[in-house]
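Along the sequence shown, the residues carry numbers beginning at 1.
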Amino acid sequence: MILVAFFSTSVVALALIVYCRILSLKLKEAQKNNKDLSTRNHELNALAHSNELSVIRYKLNPHLFKNALNSIQSHAYQTYYSMDKLSGVLDYILYESDQPLVSLQEEMDFAANFIEINRLKLSPLFDLRIRNTINLKDERISNLKILPLITVDLIENAFKHTDFQKNESFISIHLEIVDDVFLLEVSNRISESTPMKKERSGLGLKNLEERLKIGYPNAYELTLKNESPVFHARLKLKLNG
């Protein structure tokens with residue numbers, strides 16, 4: 001009887017050991033599966049992050065190309081625009097400037113092209129004031145004649161002697177016709193230049209005065225005022241139709 005009881009107890013104990021062993025193996029297997037799932041989850045997250053980066057990269061690259069294309073188009077347009085204006089200036093100098101007189105329309109077109117060529121070297125924020133009140137559609141005005149290139153020296157002088165880097169710098173150009181009198185007023189803030197540049201300055205204005213004496217004897221007024229730091233030039237011409 002005692003032997004039977006001992007045998008039964010041993011069997012139960014052995015069964016418990018086997019059961020615990022099985023539970024232990026199941027637990028390890030579950031832990032291993034859980035670790036594998038965690039590893040797989042990290043791999044999937046990394047893959048998703050990599051795909052997301054790829055999508056962003058493919059989105060960025062077209063924008064970079066588009067920005068580069070816009071920049072190239074802008075330079076190409078500026079080059080075409082400046083070449084077109086320069087072509088107009090050269091045509092006028094080559095084919096019209098040897099004429100004794102040209103139409104006011106031709107001289108105004110030249111002045112406009114010359115200003116636009118010089119505008120290319122300015123910052124968009126530079127204070128360039130252009131006021132042209134000449135109505136070239138007015139038949140009486142369009143029939144007026146003027147010396148070719150008579151506007152270039154005063155306008156060029158302003159662009160030549162202005163410090164474009166100073167915030168307070170400016171160039172002001174005003175064109176007007178009152179009856180048959182042509183008026184050109186140009187003002188600019190004078191730049192601080194080297195002595196060599198100062199020695200070269202003023203030649204264009206001297207040539208202008210010589211041309212005025214010959215072309216408009218007793219029919220012009222040229223006033224030049226250096227009110228440092230601003231230079232004022234004012235030209236009045238009595239034109240003929």
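- Counting only distance, with no hydrogens or angles, the side chain of N34 and the backbone of A30 share no donor-acceptor pair below 3.5 Å.
- Here the side chains of P148 and E96 are not in contact, with every heavy-atom distance at 4.5 Å or above.
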For a side chain to side chain contact (heavy atoms under 4.5 Å, CB included) check, start with the C-alpha distance between I155 and I115, then their side-chain angles and the critical distance, and finish with the verdict.
CA-CA 8 Å; I155 296 173; I115 291 170; 4.0 Å; yes
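- Between Y80 and Y77, the ring planes are tilted. Angles from 30° to 60° get that label.
- Summarising the geometry of L224 relative to A233, their closest heavy-atom pair is CD2-CB, 3.7 Å, with the distance given to 0.1 Å.
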Could you please spell out the steps behind the side chain to side chain contact (heavy atoms under 4.5 Å, CB included) verdict for L27 and L25?
CA-CA 5 Å; L27 179 60; L25 292 174; over 6 Å; no
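- D179 places no side-chain N or O within 3.5 Å of a backbone atom of V181 that could act as its donor or acceptor partner.
- Between I173 and L154 there is no side-chain heavy-atom pair separated by less than 4.5 Å.
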Assess the residue pair I134 and F182 against the criterion (side chain to side chain contact (heavy atoms under 4.5 Å, CB included)); give the C-alpha distance rounded to whole Å, side-chain angles, the decisive distance to 0.1 Å, and a yes or no.
CA-CA 9 Å; I134 299 175; F182 171 77; 3.9 Å; yes
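- Checked by atom type and distance alone, the side chain of S82 pairs as donor or acceptor with a backbone atom of T79 at under 3.5 Å.
- Judged by distance alone, with hydrogens and angles left aside, the side-chain atoms of S123 form a donor-acceptor pair with the main-chain N or O of L125 at under 3.5 Å.
- Other residues, nucleotides and ligands contribute over 12 non-hydrogen atoms within 6.0 Å of the NZ atom of K121.
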List the steps, then state whether side chain to side chain donor-acceptor pair (under 3.5 Å) holds for E139 with S142.
CA-CA 5 Å; E139 185 176 350; S142 65; over 6 Å; no
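- With rounding to the nearest 0.5 angstrom, the OG1 atom of T151 is 10.5 Å from the CD atom of E156.
- The cationic group of R189 does not satisfy the cation-pi geometry with F231, failing either the under 6.0 Å distance to the six-membered ring centre or the 45° limit from the ring axis.
- Across all non-hydrogen atoms, the minimal contact from F164 to F159 is CZ-O, 3.2 Å.
- Remark: K238 engages D180 in a salt bridge, criterion side-chain N to carboxylate O under 4.0 Å.
- The distance from the CG atom of D127 to the OG atom of S172 is 8.5 Å, given to the nearest 0.5 Å.
- Put simply, CG on N167 and OG on S169 are 8.0 Å apart, with the number rounded to the nearest 0.5 Å.
- Counting heavy atoms from C-beta outward, R129 and I171 have side chains that stay 4.5 Å or more apart.
- Summarising the local packing, CD of Q165 is surrounded by 12 or fewer heavy atoms from other residues, nucleotides or ligands at distances under 6.0 Å.
- Note that the CG atom of L222 and the NZ atom of K213 stand 10.0 Å from one another [nearest 0.5 Å].
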List the steps, then state whether side chain to side chain contact (heavy atoms under 4.5 Å, CB included) holds for T162 with F170.
CA-CA 7 Å; T162 298; F170 74 95; over 6 Å; no
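- Between K206 and E209, none of the side-chain N atoms (NZ, or NE/NH1/NH2) sits under 4.0 Å from a carboxylate O, so this pair counts as no salt bridge.
- Not a single donor-acceptor pair under 3.5 Å links the side chain of S87 to the backbone N or O of M83.
- Nearest heavy atom pair, residue L237 against residue Y220, reads CD2-CB, 3.5 Å.
- Side-chain contact between L175 and T133 is absent, with no heavy atoms from C-beta onward closer than 4.5 Å.
- With Y92 as the fixed residue, the side chain to side chain contact (heavy atoms under 4.5 Å, CB included) test singles out one of L149, D109, N113: L149.
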Go through S191 and H161 one step at a time and tell me if the side chain to side chain donor-acceptor pair (under 3.5 Å) criterion holds.
CA-CA 6 Å; S191 69; H161 297 286; 5.4 Å; no
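- Contact annotation: the side chain of R119 approaches that of L128 to within less than 4.5 Å [non-hydrogen atoms, C-beta and beyond].
- The closest side-chain heavy-atom distance from N226 to S228 is below 4.5 Å.
- Taking all atoms of both residues into account, the shortest heavy-atom contact from E107 to I150 is OE2-N, 3.1 Å.
- Between the CG atom in N135 and the CD atom in E176 there is a gap of 12.5 Å [rounded to 0.5 Å].
- Using a 4.5 Å cut-off on side-chain heavy atoms (C-beta onward), S103 and E106 make contact.
- I177 places a side-chain heavy atom less than 4.5 Å from the side chain of L239.
- One distance of note links CG of L212 with CG of L235; it measures 5.5 Å at 0.5 Å rounding.
- Nearest heavy-atom pair across L136 and I141 is CD2-CG2, 4.4 Å.
- For the residue pair V89 and F114, the shortest heavy atom distance occurs at CG2-N, 4.0 Å.
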Working for salt bridge (Lys or Arg N to Asp or Glu O under 4.0 Å), residues E29 and K32
CA-CA 5 Å; E29 184 178 358; K32 182 177 181 303; over 6 Å; no
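- In terms of modelled atom types and a separation under 3.5 Å, the side chain of Y81 and the main chain of L120 share no donor-acceptor contact.
- Salt bridge annotation for E185-R234: present, with a cationic side-chain nitrogen under 4.0 angstrom from a carboxylate oxygen.
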